[in-house]
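Written below as structure tokens is the structure these notes are about.
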2 protein chains.
Amino acid sequence: MDDTDRALLALLQHDATLSYTTLAGGIGLSSAATHDRVRKLRDTGVIRRTTIDVDPTALGRPTLAYVLLSADTWIGDDDTATRLRALPWVEEAHIVAGSASLLVKVRTADNTELQAVLRRLYDIPGVSGTQTIVVLDTVFERPTNPHGNPTTHD
Amino acid sequence: MDDTDRALLALLQHDATLSYTTLAGGIGLSSAATHDRVRKLRDTGVIRRTTIDVDPTALGRPTLAYVLLSADTWIGDDDTATRLRALPWVEEAHIVAGSASLLVKVRTADNTELQAVLRRLYDIPGVSGTQTIVVLDTVFERPTNPHGNPTTHD
DNA sequence: CCTGAAACAAGTAGGTG
DNA sequence: CACCTACTTGTTTCAGG
């Protein structure tokens with residue numbers, strides 16, 4: 001993982017349809033060497049997958065909310081994870097420190113559907129309460145920055 | 001946007017390197033028709049871009065936290081957005097309802113770096129306080145589900 | 001890491017219900 | 001209008017150095 005790899009990752013994050021020839025031009029290498037590096041990044045798991053970024057509004061889910069789940073038992077187990085995965089509105093689930101146990105990211109069609117999802121979250125065994133943070137507007141969402149932390153060199 | 005489009009989106013979310021021939025086989029259409037549909041999904045903005053999913057740990061940012069920013073003035077303006085964008089640790093920023101004004105997703109190398117980012121967030125004009133939710137473990141992160149809400153047909 | 005060639009996919013054109 | 005088959009252009013991928 002050198003600077004060339006990081007440059008490659010940045011280019012591919014921005015547009016993964018770029019040809020190896022174009023990528024090669026961007027980093028000053030031959031197309032074959034570029035190909036080799038990308039293959040290695042895939043094989044080592046740095047690149048987890050090539051995917052598409054879909055507009056949630058176009059999919060009928062313009063409403064976004066973060067829900068903090070409180071629990072009276074441990075809900076960081078596999079069963080809870082399985083139940084959360086079964087809910088198509090849940091995009092992320094994290095075990096968190098603090099008074100809540102779990103943080104989930106939820107996308108729904110509207111507030112009515114959000115309410116229905118909250119009800120389903122309550123139905124998960126161990127869940128004793130929810131605190132919902134409704135997103136009014138998303139300022140930006142972007143991929144993890146591959147470049148070294150700028151302040152490291154201060 | 002019919003079921004065929006949604007099936008296409010689901011396939012591409014899972015693996016955007018699939019050839020049109022393979023995609024075509026998955027949805028029972030010719031390669032050219034598949035190509036046409038994908039082009040339309042791109043042109044209409046349903047597919048925002050093709051990108052790679054990079055492991056944040058491999059990029060040296062294994063620590064994840066959500067930070068709620070309180071403000072004593074309005075911080076939903078362009079200047080605040082620009083300042084947040086300038087911080088490479090900030091992956092998402094949302095204007096939220098409730099006592100906080102802004103919710104930001106932050107990835108850092110460790111807790112020390114997280115602390116440094118919090119300090120920078122405080123430096124944004126109008127920010128009067130932060131509440132940090134540290135993620136101990138990510139259960140899952142996945143793309144927006146393209147399929148119709150299962151409970152719609154209940 | 002490079003050059004170069006073979007296998008393959010993307011993208012285009014023209015035609016059908 | 002969405003789909004098909006057939007073709008051209010360009011890209012991926014793999015030798016060998």
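Sequence lines set the chain letters: A, B, ... in the order given, protein chains first and strands last, and positions in each chain run from 1. All values below come from the heavy atoms of this structure, side chains included, with hydrogens, waters and symmetry mates left out.
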Closest nucleotide among D:dC4, C:dC1, C:dA10 to the B:S30 side chain: D:dC4

Pair A:E141 + A:R107: basic N to acidic O under 4.0 Å: yes

Atom-to-atom span, CZ of A:R42 to C1' of D:dT12 - whole angstrom: 12 Å

Distance in angstrom units between B:M1 CE and D:dC1 P, rounded: 20 Å

Salt bridge B:D43-B:R39, side-chain N to carboxylate O under 4.0 Å: yes

Distance below 4.0 Å between B:K40 side-chain N/O and D:dA2 OP1 or OP2: yes

Whole-Å gap separating P (C:dA10) and CG (A:D15): 14 Å

Euclidean distance, atom CZ of residue B:R37 to atom P of C:dA10 [Å, nearest integer]: 17 Å

Exercise: identify the closest heavy-atom pair between A:A81 and B:V139: CB-CG1, 3.6 Å

Atom of A:P146, atom of A:L9 and distance for their closest heavy-atom approach: CB-CB, 4.2 Å

Nearest non-hydrogen partners of A:R37 and A:T4, listed with the distance: NH1-CB, 3.6 Å

Sequence-aligned protein contact record of nucleotides 11-17 of chain C, with B where the base is within under 4.0 Å of a protein heavy atom and S where only the sugar-phosphate is: BB-----

Nearest-angstrom distance from the residue atom CG of B:L18 to C1' of C:dC8: 15 Å

Whole-Å gap separating C1' (D:dT11) and CG (A:L12): 15 Å

Nearest listed nucleotide, side chain of B:A33, among D:dT11, C:dC1, D:dC4: D:dC4

Shortest non-hydrogen contact between A:R142 and B:L87, atoms and distance: NH2-O, 2.7 Å

